[in-house]
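A quick write-up on the structure given underneath.
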Amino acid sequence: MQIYLSRPDITEKEIEAVCEVLRSPDLSLGPKLQEFESAFTKYIGTKRAVAVNSGTSGLFLCMLALGIKPGDEVITTPFTFIASATSIMMAGARPVFVDIDPASLNIDPAKIESAITENTKAILPVEIFGDPTGFDKIRQIAKKHNLPVIEDSCEALGSTLNGEKVGTFGTMSVFGFYPNKQITTGEGGMILTDDDYLADICISLRNQGRAADKNWLTHERLGYNFRLSDINCALGIAQLSRIEQIKAARKQVAGWYKEMLEDESRIIVPAEPEGCDMSWFVFVVRLTEQFYLEQRNLILQQMRERQIQVGDYFPPVHLQPVMKSRFGYQKGDFPITENVCKSTIALPFYNNLAKDQVAVVCKTLMEVLDNQ
Ligand SMILES: Cc1ncc(COP(=O)(O)O)c(C=O)c1O
């Protein structure tokens, strides 16, 4: 039987919450939108929250709200999901990549300052796989250079660093609710900020540039339809209400993997970093140095042939065809990222993954490694 890479976890209560909205007249811009946003400000601790229809839309709106425009540069990581970088390009700006710290796999704070130029207008760091390591340092560097931080927290809802919640390190931060995330709304995202001006612009931008006076057919600026429906919000409210339970369930699954793989010398198992309370997004192991990219790909293929879904999170963003053709990035530009990318294997990981399924995954992985 197939073991999936990811599965959503939707309770009967959550289905009922969605049905309740469907029985009401308020399918969009209704009370559930505000309720979802309030639940987020309460949980994260920021002053404002603006719900949008995806994490990508959220990141793009942050660019626009901060006035990022063609000719500007935004510093980000090449080890992430493509949207961290393409949201910069959507605003006409250039993503300037900075290589990662090989331990945390996050942008290396020590390398950021040398990438800052007079065109740099923001830093967009990502808590990759849920790990907030380095964000305290990034915040200090940004402060020193008077640059806003757009915190891409799409993978990290619920993580903390030295007791501070992810989503509070940036001038603006963004969460994503695609079904593989810690909580889902089907599709969706949330922008968080303490800045009223930025939040108000995002509210207008997500709703066709409408004026704050709510006159439906007055449009003050070029806007978009990035609204999140009340149907999605109802699901999000219910999911967020059990984030601690979700976090604990995922921690348990990560714990089983760690236990079962700790003696396996051919792979590096992710550890919970110092000072962090991790909200696990995925469980990504890394092959040790002796393995080539082609071997890693063969291992992925053989795992899939044995009905275990696995992922290659992530290929280097700077080597994506769109980045090479637009900006001329090439192989060798970010060697640490490239080295990490050839070694990663994302194993099945979700709230309700059972211990015996984790055992099957681990046993299969070891057998596949024996075959290399
Ligand atoms: C780091 C990161 N940034 C941005 C996104 C984009 O979020 P969405 O898929 O909701 O647009 C994702 C989601 O996969 C992500 O993992």
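For ligands, and for the atoms within them, numbers begin at 1 and follow the listed sequence.
- For atom 8 (P) of ligand 1, the closest heavy atom belonging to the protein is G55 N, 3.5 Å.
- The shortest contact between atom 16 (O) of ligand 1 and any protein heavy atom is with E155 OE2, 2.6 Å.
- Within the 3.5 Å criterion, the main-chain N or O of N215 finds no donor-acceptor partner in the side chain of R210.
- Using a 4.0 Å cut-off between charged nitrogen and carboxylate oxygen, D356 and K363 do not count as a salt-bridge pair.
- With respect to K47, the salt bridge (charged side-chain N to carboxylate O under 4.0 Å, His left out) criterion is satisfied by exactly one of D200, D194, D196: D196.
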Quiz item: Step by step, would you call F177 with M190 a side chain to side chain contact (heavy atoms under 4.5 Å, CB included)?
Solution: CA-CA 8 Å; F177 310 130; M190 189 71 79; 3.6 Å; yes
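- Between F314 and ligand 1, no N or O atom pair is found at a separation short of 3.5 Å.
- At the top of the distance list for atom 12 (C) of ligand 1, counting protein heavy atoms only, stands F81 CD2, 3.5 Å.
- Counting heavy atoms closer than 4.0 Å to ligand 1, residue D152 contributes side-chain atoms (C-beta onward) but none from N, CA, C or O.
- Ligand 1 has S84 within reach: a non-hydrogen atom of the residue lies less than 4.0 Å from it.
- Just one of D9, N351, T11 meets the side-chain hydrogen bond (donor to acceptor under 3.5 Å, both in side chains) condition when paired with R242; it is D9.
- Counting atoms of ligand 1 from 1 in the listed order, those under 4.0 Å from a heavy atom of S54 are 10 (O), 11 (O).
- Contact annotation for K181 and ligand 1: only side-chain heavy atoms (C-beta onward) come within less than 4.0 Å of the ligand.
- Taking 4.0 Å as the cut-off between side-chain N and carboxylate O, E16 and R23 count as a salt-bridged pair.
- Considering backbone and side-chain atoms together, T56 places an N or O closer than 3.5 Å to an N or O of ligand 1.
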